[in-house]
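Notes follow once the structure below has been shown.
Any value given below was found using the heavy atoms of this structure, including those in side chains, with hydrogens, waters and symmetry copies removed.
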Amino acid sequence: MGALRRVRPDRARYAAGAAALVGAAVVALTGCEATGLEASAVAVTTQKLAAASLDHQGAKAAWLNCKGKAENGGTDAGGATHPVTVVGVDCEGRTEQGKKIIVFGRVTGITGQACVRGLLTAKVDGRTVFSVSVLGDCSHTGGGKPPAPPKPPSPPHGPHPGPSASCTDRAPVPGK
């Protein structure tokens, strides 16, 4: 009888631990869906697409750095969470000829790494190079979910600590 008493608490702890992990995963996943636009993802995608568009316009960017800041969303006075639907973007850089580049505006949507929607303006030495409501190819991903990021190679000596999970991270697949 004593052996049964030891087994049951172990099983109960195991079940409680498993339930806690599943609950945390569900909360994390639904939290990602409810947050709307992610400012850092918008900034990185805008940077990549703006640089490509500037190159296409003949103003080859030597470097371009963009920052994004959520302009709405968050938690209201009642504690309800609202998704971020607008991200302000400010970029600065230089052309290969040393001319100053600025890109600024408000992004209201993003499709993978192929497209941003909103109002964006790029200037090179004070001259407007483009002012657009869509930057990139929004038909690239068919308007659906963004393409999955490439899988990084496995480390040679087993896993090691890395960055924390984000909304774009996927849970590891057993056996792969």
Side-chain angles (χ1 to χ4, degrees), residues 28-75 81-156 159-173 176:
L29 289 175
T30 56
C32 287
E33 291 173 7
T35 58
L37 294 174
E38 169 60 40
S40 60
V42 168
V44 168
T45 303
T46 301
Q47 180 175 317
K48 177 182 124 184
L49 296 174
S53 185
L54 287 164
D55 288 353
H56 182 73
Q57 298 289 334
K60 207 158 188 57
W63 62 273
L64 186 64
N65 184 30
C66 296
K67 297 177 184 175
K69 182 178 180 186
E71 293 187 357
N72 68 352
T75 306
T81 303
H82 300 283
V84 173
T85 58
V86 178
V87 173
V89 178
D90 287 306
C91 310
E92 60 180 61
R94 293 278 175 186
T95 66
E96 289 182 345
Q97 293 78 29
K99 296 179 180 179
K100 183 177 182 178
I101 300 171
I102 60 169
V103 180
F104 58 93
R106 299 173 79 209
V107 173
T108 57
I110 184 171
T111 304
Q113 295 178 359
C115 164
V116 292
R117 296 178 187 276
L119 296 174
L120 294 166
T121 301
K123 293 185 176 192
V124 176
D125 267 357
R127 181 182 61 87
T128 300
V129 177
F130 65 77
S131 187
V132 296
S133 59
V134 174
L135 187 58
D137 181 8
C138 292
S139 65
H140 182 70
T141 59
K145 289 185 175 182
K151 207 172 191 182
S154 298
H160 55 81
S164 62
S166 70
C167 293
T168 57
D169 292 339
R170 298 193 197 309
V173 179
K176 287 197 176 185

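Of all heavy-atom pairs between C66 and T46, the closest is SG-C, 4.4 Å. Contact between V89 and V42 at its shortest, heavy atoms only, is CG2-CG1, 3.7 Å. Across every non-hydrogen atom of C138 and T111, the tightest pair is O-CG2, 4.4 Å. A pairwise comparison of heavy atoms in A43 and G68 identifies CB-N, 3.6 Å as the closest pair. Across every non-hydrogen atom of V103 and A122, the tightest pair is CG2-CB, 3.8 Å. Scanning all heavy atoms of the two residues, the minimum distance from L64 to C91 falls at CD1-CB, 4.0 Å.
With rounding to the nearest 0.5 Å, the separation of NZ in K123 from OG1 in T128 is 4.5 Å. Atoms CG and NZ, from D90 and K67 in turn, are 9.0 Å apart once rounded to the nearest 0.5 Å. Distance check, rounded to the nearest 0.5 Å: CZ of F130 to CG of L54 gives 5.0 Å. Taking NZ of K99 as the reference point, atom CZ of R94 lies at 11.5 Å (rounded to 0.5 Å). Put simply, CG on L120 and CG on L135 are 6.0 Å apart, with the number rounded to the nearest 0.5 Å. Atom-to-atom distance recorded for D55:CG and E96:CD is 7.5 Å, nearest 0.5 angstrom.
Within the 4.5 Å cutoff, no side-chain heavy atoms of W63 are placed close to those of I101. Under the 4.5 Å side-chain criterion, counting only non-hydrogen atoms from C-beta, D137 is not in contact with C115.
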**OP:** Check the pair V107 / V86 against side chain to side chain contact (heavy atoms under 4.5 Å, CB included), numbers first and verdict last.
**Re:** CA-CA 6 Å; V107 173; V86 178; over 6 Å; no
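Counting only distance, with no hydrogens or angles, the side chain of N72 and the backbone of V84 share no donor-acceptor pair below 3.5 Å. Although no hydrogens or angles enter the test, the distance criterion places no donor-acceptor pair under 3.5 Å between the side chain of N65 and the main chain of G93.
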